[in-house]
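For reference, the structure discussed in these notes is given below.
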Amino acid sequence: MAVRALPAEYYTPFLSDVAKERKPAPIRGLYPLENRPGMISLLAGKPNASTFPFTSITIKSRSPTDASAELTTELSGKVLAEGLQYGPTAGLPDLVEWVYGLQEREHGRKKGEGWRLSIGSGSQDVLHKAIVALVNPGDPVLVESPLYAGVMPTFEALHCEFFAVPTDSKGIRSDALRSTLENWPAGKPKPKILYTVPYGGNPTGMTAVKERRQEVLALAREHNFLILEDDPYYYLYFGEAARPPSYFTLERELPEVGRVIRFDSLSKILSAGIRIGFACGPEPIMTVIDMHTAVASLQTPSLTQAITFSLLDSWGYDNFKTHTHTVSQFYREKRDVFEKYMKKYLDGLAEWDRPEAGMFFWFKLLLPAVDGKEQDSESIIRTKALEKGVLALPGTVFLPGRGKTSYVRAAFSLLDEAEVEEAIKRLAAVVLEAKGA
């Protein structure tokens, strides 16, 4: 079935004033002309590659199908040459094409459907640029709550007005979103974006069910907003049920596509330090993101892109899938160990929902009420827990507006079993002390 994309002019009202003022970089915008047959370029101040000392780079990696086997990948020739030189703002062509193939396999989205992608220095990089491209200072924004603390400063720097949409064990509450939008103050401009982490939400660990996603997409069409689908934990899904389809996939069910901007990360599955992520979305918005990159950092480093492509290309899509499954099962086992000791030491002292993706437990401390109100976890976690030698994050840092809450976020990705047990024993002692037990 043919996919109809929204026209380019649809996005003009969504762009921020800053985005509308951006102009193409005068040099980088002409780079594609250098590839014309017979063209002699006097254009760019690229250093002469003969002066670079690197002749080859060898990478050793574990085999996706046999952890005891080691694979060797060598960067040389054309791939190394591209990795050592300035490259296109949107990403090295080989890596870009590999990711297009990945998105078609994972999300059913093909090139030519009104979207394109851009490689970033991690997904946080392109996410920040997307927000700057879409939001003016003081704009109202829809955000799920609790909210990923790492994105909050971007919105706060723009003095955005948060409209928090609550979440539960099934992800973002589409009924609450509908209520917010249907009772919007008359005369007040409606929000242009909704920000959400749909798999293994940070901090809640919750994954939005398909029905909620479909309802959110219908609301986006009805109330004319864009969905920022921030999805660093997509490949860390380990739930019992089949993984729900992404917003990027599901919008193909609508009469037209183009209301989802998707952000993916390789940080959790290849390397956090390699800083490779990518954004997929409507052409006009991706163009503005690229113009931001062109003046901020020129591009994502070519060498890390070349290393990433060489590894992924040597694996192929099937082995990449095998690797991500291995990673997700690793974190499933970590979750199970963590929950085992939560049940042992925190039963009756805390309550939680079991995460089905990601790296976090989000749990409520069952503390005595103070003046009839739920007791805040912040002072307990920042003082008493710290004194007992355990670090966690009080829930307040994840609430738009920094409200009070008895919730706590704990990461289970790094600790071995003995450390997990000791950490939770210490947390239990803190809670018992706070309860006067």
Side-chain angles (χ1 to χ4, degrees), residues 62 67-68 146 148-150 167-169 197 199-207 232-233 235-241 267-269 271-273 323-368 374-399 405-437:
R62 286 190 299 273
S68 65
Y148 167 47
T167 57
D168 60 21
S169 62
V197 180
Y199 297 91
N202 183 356
T204 65
M206 294 300 101
T207 294
Y233 305 107
Y235 291 105
L236 269 60
Y237 178 78
F238 39 73
E240 297 293 340
S267 294
K268 312 302 186 293
I269 50 177
S271 161
H323 171 72
T324 60
H325 177 73
T326 300
V327 173
S328 70
Q329 292 311 299
F330 172 89
Y331 287 111
R332 177 177 182 162
E333 292 171 9
K334 288 284 190 183
R335 177 206 63 183
D336 291 346
V337 168
F338 202 91
E339 188 171 34
K340 178 175 75 172
Y341 290 107
M342 290 183 77
K343 289 178 178 178
K344 182 175 181 178
Y345 295 107
L346 289 176
D347 186 37
L349 301 177
E351 58 186 23
W352 63 87
D353 289 307
R354 170 187 273 193
E356 295 186 326
M359 302 175 170
F360 308 108
F361 267 92
W362 177 248
F363 54 97
K364 181 179 181 179
L365 302 182
L366 300 179
L367 301 168
E374 180 181 291
Q375 190 174 158
D376 190 20
S377 66
E378 183 167 26
S379 62
I380 292 173
I381 294 299
R382 291 196 187 278
T383 57
K384 302 300 182 183
L386 189 60
E387 290 169 5
K388 290 191 182 294
V390 61
L391 279 172
L393 275 173
T396 184
V397 304
F398 301 100
L399 298 184
T405 179
S406 57
Y407 277 87
V408 176
R409 193 200 76 172
F412 57 79
S413 56
L414 297 178
L415 303 185
D416 62 30
E417 185 164 350
E419 290 173 317
V420 168
E421 181 174 19
E422 182 59 28
I424 295 177
K425 282 172 65 177
R426 294 177 186 182
L427 276 176
V430 170
V431 180
L432 284 169
E433 186 177 297
K435 291 171 73 74

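We count residues from 1, following the sequence as given.
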Do Thr396 and Ser377 come close enough that some side-chain heavy atom pair is under 4.5 Å?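 A side-chain contact is absent here, since even the closest heavy-atom pair is not under 4.5 Å.
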
Using the salt bridge (charged side-chain N to carboxylate O under 4.0 Å, His left out) rule, collect all pairs that involve residues 349-360, keeping only residues at least two apart or in two chains.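 Every salt bridge (charged side-chain N to carboxylate O under 4.0 Å, His left out) pair that includes a residue of residues 349-360, provided the two are not neighbours, is Glu339-Arg354.
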
List for me each residue that meets side chain to side chain donor-acceptor pair (under 3.5 Å) alongside [X], sequence neighbours excluded, and say none if there are none.
| X | answer |
| --- | --- |
| Glu240 | Arg332 |
| Arg335 | none |
| Glu417 | Lys340, Tyr341 |
| Tyr331 | none |

Salt bridge (Lys or Arg N to Asp or Glu O under 4.0 Å) with [X]: which residues, sequence neighbours excluded?
| X | result |
| --- | --- |
| Lys364 | Glu374 |
| Arg382 | Glu378 |
| Lys343 | none |

Rounded to the nearest 0.5 Å, what separates atom [atom1] in [X] from atom [atom2] in [Y]?
| X | Y | atom1 | atom2 | answer |
| --- | --- | --- | --- | --- |
| Leu367 | Asp376 | CG | CG | 9.5 Å |
| Glu422 | Asp416 | CD | CG | 11.5 Å |
| Leu391 | Leu386 | CG | CG | 5.5 Å |
| Met342 | Phe361 | CE | CZ | 5.5 Å |
| Leu393 | Asn202 | CG | CG | 9.0 Å |

Strictly by ring pair (Phe, Tyr, Trp, His ring centres under 6.0 Å), give each pair with a member in residues 379-398 just once, sequence neighbours left out.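 Residue pairs passing ring pair (Phe, Tyr, Trp, His ring centres under 6.0 Å), neighbours aside: Trp362-Phe398.
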
So which heavy atom on [X] is nearest to which on [Y], and how close?
| X | Y | result |
| --- | --- | --- |
| Lys435 | Leu366 | NZ-O, 3.0 Å |
| Ala149 | Val397 | CB-O, 3.7 Å |
| Tyr233 | Gly358 | CD2-CA, 3.8 Å |
| Pro368 | Gln375 | O-NE2, 2.9 Å |
| Asp168 | Met206 | O-CG, 3.4 Å |
| Ile380 | Ala434 | CD1-CB, 3.9 Å |

Anything under 30° is parallel, anything over 60° is perpendicular, the rest tilted; go ahead and classify Tyr237 against Tyr199.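 Plane angle over 60°, so perpendicular.
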
Whether over 12 other heavy atoms sit under 6.0 Å from Asp347 CG: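 No, not enclosed.
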
Between Thr207 and Gly200, is there a donor-acceptor pair closer than 3.5 Å when you use the side chain of the first and the backbone of the second?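 Such a contact is found between Thr207 side chain and Gly200 backbone.
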
Is it the case that the side chain of Arg409 and the backbone of Phe360 share a donor-acceptor pair, with hydrogens and angles ignored and the cut-off at 3.5 Å?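 Pair absent, no side-chain N/O of Arg409 close to backbone of Phe360.
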
Using a strict cut-off of less than 4.0 Å between a Lys/Arg side-chain nitrogen and an Asp/Glu carboxylate oxygen, indicate whether Glu421 and Lys425 qualify as a salt bridge.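 Salt bridge between Glu421 and Lys425, a charged N being under 4.0 Å from a carboxylate O: no.
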
Residues that Ala385 engages under side-chain contact (heavy atoms from CB on, under 4.5 Å), provided they are two or more places apart: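 Scan of Ala385 (side-chain contact (heavy atoms from CB on, under 4.5 Å), adjacent residues dropped) gives Ile381, Val390, Leu427, Val430.
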
What residues, two or more places apart in sequence or in another chain, satisfy ring pair (Phe, Tyr, Trp, His ring centres under 6.0 Å) together with Phe363?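 With sequence neighbours excluded, Phe363 shows a ring pair (Phe, Tyr, Trp, His ring centres under 6.0 Å) to no residue whatsoever.
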
Under the ring pair (Phe, Tyr, Trp, His ring centres under 6.0 Å) test, which residues partner Phe238, sequence neighbours left out?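 Ring pair (Phe, Tyr, Trp, His ring centres under 6.0 Å) check on Phe238 returns nothing, list empty.
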
Within 45 degrees of the ring normal and closer than 6.0 Å to the centroid, is that where the cationic atom of Lys268 sits relative to Tyr235?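 Negative - Lys268 is either too far from the ring of Tyr235 or too far off its axis.
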
